[in-house]
There are 2 protein chains.
Amino acid sequence: MEKLRSFSTLSAIDNSSMVDKVEMSLLDFFISKELNVGDSIPKELELADLMGVSRTVIRESLNRLRTMGLIETKKKRGTVIKSPDITLILQKSIIPHILDHSTLRDIFELRLALEVGMADFVVTRATNEDILELFEIVKDEEGQSADILFDIDYEIKFHGKLYEITANDTLREFQKLLLPVYKYIYSSGLLNLPTAQRKFTSHKQLVEILQTRDAEKFRMGMRHHLENHFYRIL
Amino acid sequence: MEKLRSFSTLSAIDNSSMVDKVEMSLLDFFISKELNVGDSIPKELELADLMGVSRTVIRESLNRLRTMGLIETKKKRGTVIKSPDITLILQKSIIPHILDHSTLRDIFELRLALEVGMADFVVTRATNEDILELFEIVKDEEGQSADILFDIDYEIKFHGKLYEITANDTLREFQKLLLPVYKYIYSSGLLNLPTAQRKFTSHKQLVEILQTRDAEKFRMGMRHHLENHFYRIL
DNA sequence: TGTAAATTATATGTATGACATAATGCACAA
DNA sequence: TTGTGCATTATGTCATACATATAATTTACA
């Protein structure tokens, strides 16, 4: 297979179906026409006629674009351009047990990077009510005892609130969509999580840092908080 | 519209098409059967028969799953489960000028968070060759002069290399896929970028920090490097 | 004359049957 | 063992017909 690459004269065989081609053509069409949200595109039969294929092919292509959230169709009205909800698209396609292990690991790393990196947004945008709410969430965390049982739902509640604070919808949806992946990773033993782990910075301490509104400190705190996850990967 | 919610006895009208339902059924089928990558599913006619709909509907549903990268079909062989390439899916659907402004801003923030947060992976995984390559990239950056013209391609080259160093394919693809969005944001004036901007930490300085292999310092350096972008958003 | 109800037109949604195409496996031959 | 050809089979494409929902228009009525 690798050897084939050296035959530069051999052009790649066009293995794509009509639907693939039409899909590309349609995307090009959208871009070249600089269509905006709400603009409508020609109806199926017209497109079929224009591109010289059957309505079936057009429909299958449009169906893909619809799946990607690029268009929306209504009876009688036709097809219109839509602003895609990029997270909604991923939502269905991410079925943890179907993703291979390296992808799962990648996604988990992505989460770690995000949570450390979003410190500035959390610190800047957290209202006093948010902080109170966080205190409420962590109030049951036992004093200074850092060795508590790892509770995934508690984890999600706390970190989920942080995502919420960022006021970044895409980020928030992103988190929601990756939740099943985390749950899967934790439960599948892929990460070799110990039942009791040392927490370098507790949730409670994190909230206290947040209260000082020091982004730098909060970022460091979060990094230390996630130390258990990092050292397992690095 | 909002008022309808108070009528709890009124069940939501099932506005979904057959294709929607069949799609859900198929997903449930995959999950309940715990199908793994490579497993094949019944052929179209069997599915049509089983679910009591026409082959057309089955095909449209399968087409969606194929768009999401969950399945792959081959003539004669049939349909098999696939590990979806989640970034490839997004690739086509992200057409910057179709995304609305708030989503664009969200994505840009996501980038900032990622680049600050991935410091640990960069520091830990960068080989000496990587660092040399980075030095090569920044070698033309004028000495201590921090006021250089903002060059998007140069930016992409440098930061792209960092993503590459993380050795995280998903992250890397993610970056590639968001590139058009960045370019669009920079060129559209959405961010009000100044022609000349003060860099708190230059690329060259970043590489020097990286050479010390101090993750903490590198993270701080990156945060300061991106200061121009942050303060425009926060 | 203005508004509500009924009608019509139309574009998408679904169904069906036919044939094209390509991959698979088998039989047979060199 | 290797190669060729043929039959089989599941997806890919096409054509047509009809169902369904809804925008647009007309009609009916106060």
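As the structure is a computational prediction, the values presented were derived from the model and not from experiment. Quick note on labels: first sequence line is chain A, next is B, and so on, each numbered from 1.
Side-chain contact of A:Tyr163 with A:Glu115: a donor-acceptor pair under 3.5 Å is present, judged by distance alone.
Residue order along DNA chain D, read from the 5' end via each residue's closest nucleotide, puts B:Lys76 first among B:Lys76 and A:Val19. Between A:Val57 and A:Arg77, the residue anchored closer to the 5' end of DNA chain D is A:Val57, taking for each the nucleotide with the nearest heavy atom.
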### Task
Apply salt bridge (Lys or Arg N to Asp or Glu O under 4.0 Å) to the pair A:Glu133 and A:Lys161, showing each step before the final yes or no.
CA-CA 9 Å; A:Glu133 202 172 319; A:Lys161 177 64 187 171; 3.3 Å; yes
### Task
Take A:Phe174 and B:Phe174 through the ring-ring contact (aromatic ring centres under 6.0 Å, His included) test and state the conclusion after the steps.
CA-CA 13 Å; A:Phe174 208 66; B:Phe174 209 67; 5.6 Å; yes
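In this entry the distance linking CD of A:Glu60 with P of D:dC14 reads 10 Å, nearest Å. Atom CG of B:Leu62 is separated from atom P of D:dA10 by 15 Å (rounded to the nearest Å). Atoms CD (B:Glu23) and P (C:dT14) sit 12 Å apart, rounded to a whole Å. Between the CZ atom of B:Arg66 and the C1' atom of D:dT11 there is a distance of 9 Å, given to the nearest Å. In this structure, A:Glu46 places its CD atom 12 Å from P of C:dT10, rounding to the nearest Å. Summarising the geometry, the separation between CZ on A:Arg59 and C1' on D:dT13 is reported as 15 Å, rounded to the nearest angstrom. Distance B:Asp49 CG to C:dA15 P: 13 Å, rounded to the nearest Å. For the pair B:Lys43 NZ and D:dT11 C1', the interatomic distance rounds to 11 Å; values are reported in whole Å.
In terms of phosphate contacts, B:Thr79 brings no side-chain nitrogen or oxygen within less than 4.0 Å of OP1 or OP2 of D:dA10. The phosphate of C:dT21 has neither OP1 nor OP2 within less than 4.0 Å of any side-chain N or O from B:Lys75.
Counting only distance, with no hydrogens or angles, the side chain of A:Asp106 and the backbone of B:Thr170 share a donor-acceptor pair below 3.5 Å.
A donor-acceptor contact under 3.5 angstrom links the side-chain atoms of A:Arg55 to the base of C:dG13.
Counting any heavy atom pair closer than 4.0 Å across all strands shown, B:Thr56 reaches a base atom.
Aromatic ring centres of A:Phe230 and B:Phe121: separated by under 6.0 Å.
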